[in-house]
Each structure stands twice: as C-alpha cells, then as structure tokens.
Amino acid sequence: MKEKKPVEEKGFTELPNVDGDVVLRFAPNPSGPLHIGHSRAVILNNEYVKRYGGKLILRVEDTDPRRVDPEAYHMMEEDLKWMGVEWQEKYIQSDRMEIYYEYAEKLIELGQAYMCTCNGADFKTLKDQAKPCPCRETSPEASMKLWKEMPEMDEGEAVLRVKTDITHKNPAIRDWVAMRVVNYEHPRTGNKYKIYPMMNFSVTVDDHLMGVTHVLRGKDHLANSEKQSYMYNHFGWKIPEFIHYGRLKMEDVALSTSKAREGIDNGQYLGWDDPRLGTIRAIARRGIKPEAIKELIMEIGPKISDAVVSWKKIYGLNRQILEETSNRYFLVDNPTRVIIENLPESEQKLVERPLHPDHPERGMRKLMIEPELYLTMEDITKTGENGVIRLMDGINLCFDNGKTIYHSSDLEDAKKAKAMIVQWVPVNDAIEAEIMMPDATLKKGFIEKSASKLLVDDVVQLERIGFARVDEVTYTKIRFYFAHK
RNA sequence: GCUCCGUUGGUGUAGUCCGGCCAAUCAUUUCGGCCUUUCGAGCCGAAGACUCGGGUUCGAAUCCCGGACGGAGCACCA
C-alpha cells in the first residue's frame with residue numbers, strides 16, 4: 001500500500017487575532033454558478049472554520065435586481081455541496097431589506113449619512129476636488145424627510161451617502177453611496193422594494209449583525225474595506241479582521257461569468273458545464289475531484305498577490321487522487337477493425353488484466369483474443385508495414401499490404417522488434433464509446449465489454465489515453481468526459 | 001491620470017514582521033536512469049528563483065530610498 005501524502009498546508013497560514021471561535025462568511029452575488037475563482041474564498045472560509053471552530057455563513061448578496069440570475073441561487077448551493085462546504089447559517093439579503101432601512105435611518109439620525117440630490121457627474125467633479133457637495137450640510141431632519149420621500153423618486157434623483165472624509169487622499173473613499181433607487185423587478189421580491197442598499201452598506205450591517213470575526217475577500221475590495229471602516233466607526237462597532245486575497249487566474253480559461261453566459265446564449269458553449277469553462281460544474285463533470293481543488297487552494301493560501309494556476313498543476317493534484325481509485329480499461333479511439341489472417345487456434349485465448357495493477361483484489365477484466373479486433377488507427381500507422389505491434393498481454397502482429405498477420409506471441413519477440421504495446425478491443429463484444437475532450441471535441445471508439453458495469457460518476461483510467469469520468473451509460477453506449485493524462 | 005497593493009525557479013509555495021544558521025524550503029513541471037507488458041505510481045539523479053539600482057550594515061531575499069514590471073480600485077455592481 002502506498003502511504004497517503006500529508007496535506008500540505010503551506011500558504012494556509014494562521015488567521016490574525018483569533019479569540020476562540022471564528023465566524024466567517026461566503027457572500028456571493030447570485031449572477032451564475034460558481035467558478036474556480038470563487039473556490040479561493042469558498043475553500044479558505046470553510047477550512048478556517050474547520051480549523052478554529054465556529055461557523056460559516058452563506059450570505060447571498062442579491063441587492064442589485066439587475067444582476068440576479070434566479071437560477072444561481074440553487075446552482076451556487078449545488079456547487080458548494082460538491083466542494084464539500086458546509087454552512088451553518090444561510091441568509092439572503094433581499095429578505096433583509098427592512099433591516100437595512102432601519103440602519104440607514106439610524107445613520108441619518110447620527111448625522112453620518114445624508115440624502116444627496118446632486119447628479120452623479122456633479123458630485124464626482126466636486127469629490128475629485130476634495131470638495132463637499134451642498135447636500136452634505138443637509139440636517140438629519142431634512143435628510144430624514146427626503147429619505148421618507150425616496151420611494152416616490154425615480155432612479156438617479158437622490159441617493160443616501162455615508163460621510164467619510166471628503167479630503168481623503170483616495171477619492172474613491174470619499175462619501176460613498178449607501179442607498180439608491182432601483183426601478184427594476186427583483187426575481188425574488190418583485191416590485192416590493194424600490195430602495196436598495198449598496199453592497200458596502202448591506203455588507204457592513206450584515207457582517208456586524210451576524211458577528212463576523214474575519215472577512216476574507218478579494219483584493220478588489222481593498223478600497224471597500226476602508227469605506228466600510230468609516231461606517232463601523234460611525235456606529236461604534238468593532239471592525240472585523242479584513243483579509244484580502246489575490247485573484248486566482250486559470251491558464252487559458254475565461255472565468256468571467258458574463259462571458260460564459262454570452263457564449264452559452266449564442267451557442268458557442270454547450271452549457272454552464274461545458275468542458276472549456278472554468279465553472280465548478282464543468283470541472284466536476286470532467287472528473288476533477290473537489291479534494292484536488294481544496295489542496296490547490298490550501299497551497300495558495302490567503303495571500304494578497306495573484307496566483308496564476310495552470311491546468312497541469314490541477315491535473316497533478318487530481319492524478320494523485322485518481323491513480324489510487326481509478327480502475328483500468330481498454331478503449332480504442334479512432335478505431336480500425338482488423339482481421340487477423342492466420343491466427344492459430346491455440347492463440348485464441350482469454351486474456352485477464354487487473355482492474356488496478358496495485359489492487360489485484362479488485363478483480364480482473366477478461367478479453368478474448370479473436371481474429372476480429374479494433375485497434376487505434378494511429379497505432380497501426382505508426383507501426384507501419386515493417387513494424388511489429390503487440391496487443392497488451394496478448395500477441396504480436398504485423399501488417400502486410402493492408403493485411404493483418406499473426407507474428408508471434410512472446411513478449412520478448414515484441415521487445416526485440418521494438419513493438420509498440422497497445423490496447424485493443426475484441427469486435428465481438430465491443431461497446432460503443434465516446435469521449436468528450438477538454439476542447440469540446442468528441443472522440444469516438446469502442447471500449448471493452450467489462451466496462452458495461454461502470455456507473456455514472458465513476459472515474460476510470462483508459463489505458464494509454466488518460467483519466468476520464470463516466471458521464472452517461474446507456475444499453476448501447478458509454479460516454480466519458482476526459483479529465484487529463 | 002490619481003489612490004492603493006504586489007514582485008522568490010516554468011508554475012505554486014516557505015522564508016520577509018523580529019537582518020546572520022538562506023550559496024534559499026517543499027511541491028509541481030521538465031529531462032535522464034531503474035522498475036513495470038499501458039498510463040500513472042514508486043525509487044535514483046539532474047535542471048531551474050530572491051524584479052532592478054542605490055543606501056544602511058561586519059552581514060540584506062529580509063530594513064530604507066528610487067525605478068521597472070504586474071495587479072486592483074477610482075460606479076447610484078458585487
């Protein structure tokens with residue numbers, strides 16, 4: 001038995017200022033299914049909760065009705081479950097509108113938020129010069145009055161702003177928007193609400209109310225963390241630890257949800273689980289195991305610099321898992337049917353090969369050497385007219401003028417002739433098979449009979465081809481999704 | 001342009017806070033060899049890095065200054 005490698009912790013460093021249990025949250029915007037870029041936040045949060053104890057909150061941030069895909073709510077949960085993530089509490093922000101209104105009013109009363117009726121461009125001009133707009137002087141009473149009138153307003157007529165420091169050296173931080181009017185039907189709440197909180201506002205209220213101790217978020221939120229700090233201070237709330245991780249980029253994969261959606265809509269991609277996409281469901285369908293993703297993220301950790309991950313890296317991690325669990329089968333792709341002219345009766349024998357070379361206890365596969373066999377076209381071509389080819393655990397063949405001729409049966413003969421040793425499938429009981437490749441091309445061929453026992457989601461190693469996940473099994477055909485070599 | 005942040009082999013990481021034990025860790029990758037009737041695994045070996053320039057210091061990957069490169073933000077998105 002091989003020893004299982006210990007889980008490398010590497011970049012998975014300690015969280016700062018942990019005092020007992022931690023409360024963490026994963027807070028996605030429901031705009032589509034999760035992709036591998038999300039896995040950094042997902043895995044890190046989940047693993048830190050496991051390490052320190054405490055709880056993980058799933059919070060769906062759907063406060064922009066225009067950016068909500070109703071399908072995403074359940075797709076995201078499916079993806080999280082596939083990744084083995086367990087959350088103890090779940091909130092949906094569109095259920096919490098009244099809470100946000102309540103805190104907006106409190107902030108107005110504190111004089112730390114004001115209704116601003118400037119148009120965006122005017123405000124920006126002033127802001128960029130570190131000058132307050134006239135609305136900043138609005139009294140809490142007057143702001144409150146305007147706030148109450150806000151549901152009657154149109155988009156853009158007024159916003160609620162949180163006071164920060166109008167001279168802050170980073171213009172992005174200056175007096176940010178907390179609430180705005182949105183005239184758009186929300187997939188969950190319909191037209192019940194017109195005033196929606198901005199992410200910075202709802203996040204701050206929720207993180208405080210939910211007792212979040214550590215906020216793990218992408219470094220694109222660096223400025224937001226600073227914006228939010230002002231609001232924490234206005235309320236006298238304790239600021240959680242903010243940890244910003246860098247972006248996770250995948251080689252050759254467009255991760256953006258909007259681009260994927262576009263491609264799906266125009267028929268370029270097969271769906272959210274198209275093998276070319278970087279979505280969690282696409283990766284899952286290809287037979288990548290959640291443990292491989294977890295190990296990847298654990299190695300990268302929560303550091304702020306970006307990480308560029310190659311598929312090879314993921315394949316390597318996945319292979320360590322699959323190698324142990326995957327049974328072996330012969331599949332012949334791009335098949336050519338050969339008829340062996342002079343196959344001796346004595347050589348028409350049963351060949352047995354283990355399902356897994358390291359685990360004989362899993363049993364054997366049985367294939368009959370018969371005159372009619374499928375071989376891969378490329379193997380025949382490479383062998384050529386003068387070469388010898390060996391059927392794995394079987395016999396040696398050569399080709400002459402388009403004919404296939406029995407050569408010998410001893411392995412030594414094959415070695416002497418420098419024969420390729422190839423997989424083969426008897427025509428007699430071959431099962432039709434196809435493999436969906438990572439570039440979404442389809443390979444067709446035949447697989448040996450013993451594969452008929454395979455079940456959907458099994459991952460096997462197709463000898464000399466690579467690892468593949470069983471995607472669909474029918475009476476006449478087995479479809480695989482290719483994982484990697 | 002402005003504001004912030006980052007930069008260790010092909011890739012990912014350790015080390016950077018608290019300078020010396022770092023001629024730099026581990027993994028993956030690539031290339032050899034052994035083993036093996038596939039691939040993979042295993043074993044052995046090899047390749048390959050501190051962004052650059054100054055400064056401080058007896059001594060710098062580590063501290064300071066400057067440049068380069070890269071990234072993020074500069075929304076009534078999250």
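By convention in this document, chain letters (A, B, ...) are assigned in the order of the sequence lines, proteins followed by strands, and residues within each chain are numbered from 1.
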Task: Any donor-acceptor N/O pair under 3.5 Å between B:G40 base and A:Asp358 side chain - done: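 Side chain to base: pair present.
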State which of [options] makes the closest approach to the side chain of [X].
X: A:Asn29; options: B:C74, B:A78, B:G6; answer: B:A78
X: A:Arg180; options: B:C74, B:C77, B:U38; answer: B:C77
X: A:Leu411; options: B:A75, B:A78, B:U37; answer: B:U37
X: A:Arg464; options: B:G12, B:C74, B:U38; answer: B:U38

Open item on the list: Taking the basic N atoms (NZ, or NE/NH1/NH2) and the acidic carboxylate oxygens, is any pair closer than 4.0 Å for A:Glu61 and A:Arg217?
Closed with: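 Not counted as a salt bridge, because no side-chain N and carboxylate O are separated by less than 4.0 Å.
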Open item on the list: Under 4.0 Å from OP1 or OP2 of B:A72: is there any side-chain N or O of A:Arg217 that close?
Closed with: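 For B:A72, OP1/OP2 do not have a side-chain N/O of A:Arg217 under 4.0 Å.
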Is [X] touching bases, backbone alone, or none of the nucleic acid, heavy atoms closer than 4.0 Å?
X: A:Lys415; result: nothing
X: A:Gln423; result: nothing
X: A:Arg66; result: nothing
X: A:Ile300; result: sugar-phosphate
X: A:Met198; result: sugar-phosphate
X: A:Thr63; result: sugar-phosphate
X: A:Val308; result: sugar-phosphate
X: A:Lys485; result: nothing

Open item on the list: Using side chain to side chain donor-acceptor pair (under 3.5 Å), reason through A:Arg67 and A:Asn29 one step at a time and then give a plain yes or no.
Closed with: CA-CA 8 Å; A:Arg67 285 197 40 184; A:Asn29 165 243; 3.0 Å; yes
Open item on the list: Could you tell me how far B:G53 sits from B:G15 if I compare only their P atoms? Round to whole Å.
Closed with: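 Their P atoms lie roughly 26 Å apart.
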Task: Nearest-angstrom distance, C1' atom, B:A61 to B:A23 - done: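 Their C1' atoms lie roughly 13 Å apart.
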- [ ] Give, for atom NZ of A:Lys313 and atom CD of A:Glu295, the distance between the pair rounded to the nearest 0.5 Å.
- [x]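 It is 10.0 Å, given to the nearest 0.5 Å.
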Show the distances under 3.5 angstrom between N or O atoms of the protein and N or O atoms of nucleotides 15-18 of chain B.
none

- [ ] Return the nucleotide paired to B:C17: Watson-Crick means purine N1 to pyrimidine N3 with N6-O4 or O6-N4, wobble means G-U with N1-O2 and O6-N3, both under 3.5 Å.
- [x]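 Across all strands, not a single nucleotide pairs with B:C17.
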Open item on the list: Without decimals, in angstroms, what is the distance between A:Asn224 CG and B:U3 C1'?
Closed with: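 Distance check: A:Asn224 CG to B:U3 C1' gives 14 Å.
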